Amino acid sequence: RSSDLMSEAAFMDEQSAMITFSGDSANIGQIVQVNVETSRLFGYTRRDLLGKKVTMLFPSLLGRVHELLIKRACSDFEDNPHDSAMSSFGLHQSGHIFPI
């Protein structure tokens with residue numbers, strides 16, 4: 001149990017933005033954990049992000065493609081696709097697109 005608390009503390013204190021989201025088919029892509037840097041980078045509070053789809057953090061077109069990639073990765077964990085173009089832009093709460 002203490003290792004879980006240490007992991008949680010390390011996650012929250014990480015200097016890089018980190019997001020954990022559900023791979024469960026009923027809630028696929030739903031944000032379950034974000035750290036402080038994620039909130040700062042995207043301009044949302046943790047409360048704003050928790051329970052929402054991770055695709056809200058990507059520009060519209062990339063968000064739709066990212067959702068498809070998440071579904072594919074969760075259905076076939078061995079063949080986990082990752083496209084660097086998917087990770088290259090984020091969508092700030094103010095609406096501006098920025099490189100990540």
Side-chain angles (χ1 to χ4, degrees):
R1 192 97 189 164
S2 65
S3 64
D4 290 343
L5 292 176
M6 282 183 68
S7 296
E8 173 80 16
F11 179 87
M12 295 308 287
D13 290 340
E14 174 63 39
Q15 297 298 306
S16 299
M18 296 179 68
I19 303 168
T20 303
F21 55 88
S22 174
D24 177 52
S25 61
N27 300 312
I28 199 161
Q30 182 178 355
I31 298 171
V32 294
Q33 190 177 27
V34 297
N35 68 353
V36 174
E37 184 60 18
T38 301
S39 295
R40 187 198 67 74
L41 186 65
F42 288 94
Y44 291 95
T45 65
R46 287 185 75 240
R47 182 179 288 169
D48 290 337
L49 294 171
L50 295 176
K52 302 291 190 328
K53 295 283 189 175
V54 70
T55 54
M56 73 180 279
L57 301 175
F58 295 96
S60 176
L61 176 61
L62 292 179
R64 286 190 291 263
V65 172
H66 192 263
E67 187 169 8
L68 293 172
L69 289 175
I70 290 171
K71 287 178 181 176
R72 181 174 163 209
C74 290
S75 67
D76 186 6
F77 191 73
E78 302 260 334
D79 182 26
N80 190 346
H82 179 71
D83 184 341
S84 61
M86 290 306 308
S87 304
S88 57
F89 295 98
L91 180 64
H92 191 273
Q93 181 184 26
S94 67
H96 74 269
I97 296 170
F98 63 98
I100 52 176

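Since we're looking at a predicted model, the values are computed, not measured. Residues take their numbers from the sequence shown, with the count starting at 1. Only this structure's heavy atoms are used, side chains among them; waters, hydrogens and symmetry mates stay out.
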Show the nearest heavy-atom pair for residues Phe89 and Pro59, with the distance to one decimal. O-CD, 3.7 Å
Under the salt bridge (charged side-chain N to carboxylate O under 4.0 Å, His left out) rule, what pairs show up with a residue in residues 91-100, not counting sequence neighbours? none
Would you call Ile31 and Leu57 a side-chain contact if the rule is heavy atoms closer than 4.5 Å? yes
Between Ala17 and Leu41, what is the shortest heavy-atom contact and its length? CB-CD2, 3.9 Å
Ile97 side chain near Leu91 side chain, heavy-atom distance below 4.5 Å: yes
Treating Ile, Leu, Val, Met, Phe, Trp and Tyr as nodes and any side-chain heavy-atom pair under 4.5 angstrom as an edge, say whether Val32 and Val34 lie in one connected cluster. no
Heavy-atom side-chain proximity of Tyr44 to Ser39 below 4.5 angstrom: no
Selection residues 31-49 - residue pairs positive for salt bridge (charged side-chain N to carboxylate O under 4.0 Å, His left out), sequence neighbours left out: Glu37-Arg40
Residues which pass side chain to side chain donor-acceptor pair (under 3.5 Å) with Thr38, listed by chain and number, not counting sequence neighbours: Asn35
Mind checking the CZ-CG spacing from Phe21 to Asn27? Nearest 0.5 Å is all I need. 13.0 Å
Does Phe42 have any ring pair (Phe, Tyr, Trp, His ring centres under 6.0 Å) partners at least two apart in sequence or in another chain, and if so, which? Phe98
Leu49, Ile19: one ILVMFWY side-chain cluster at the under-4.5 Å cut-off? yes
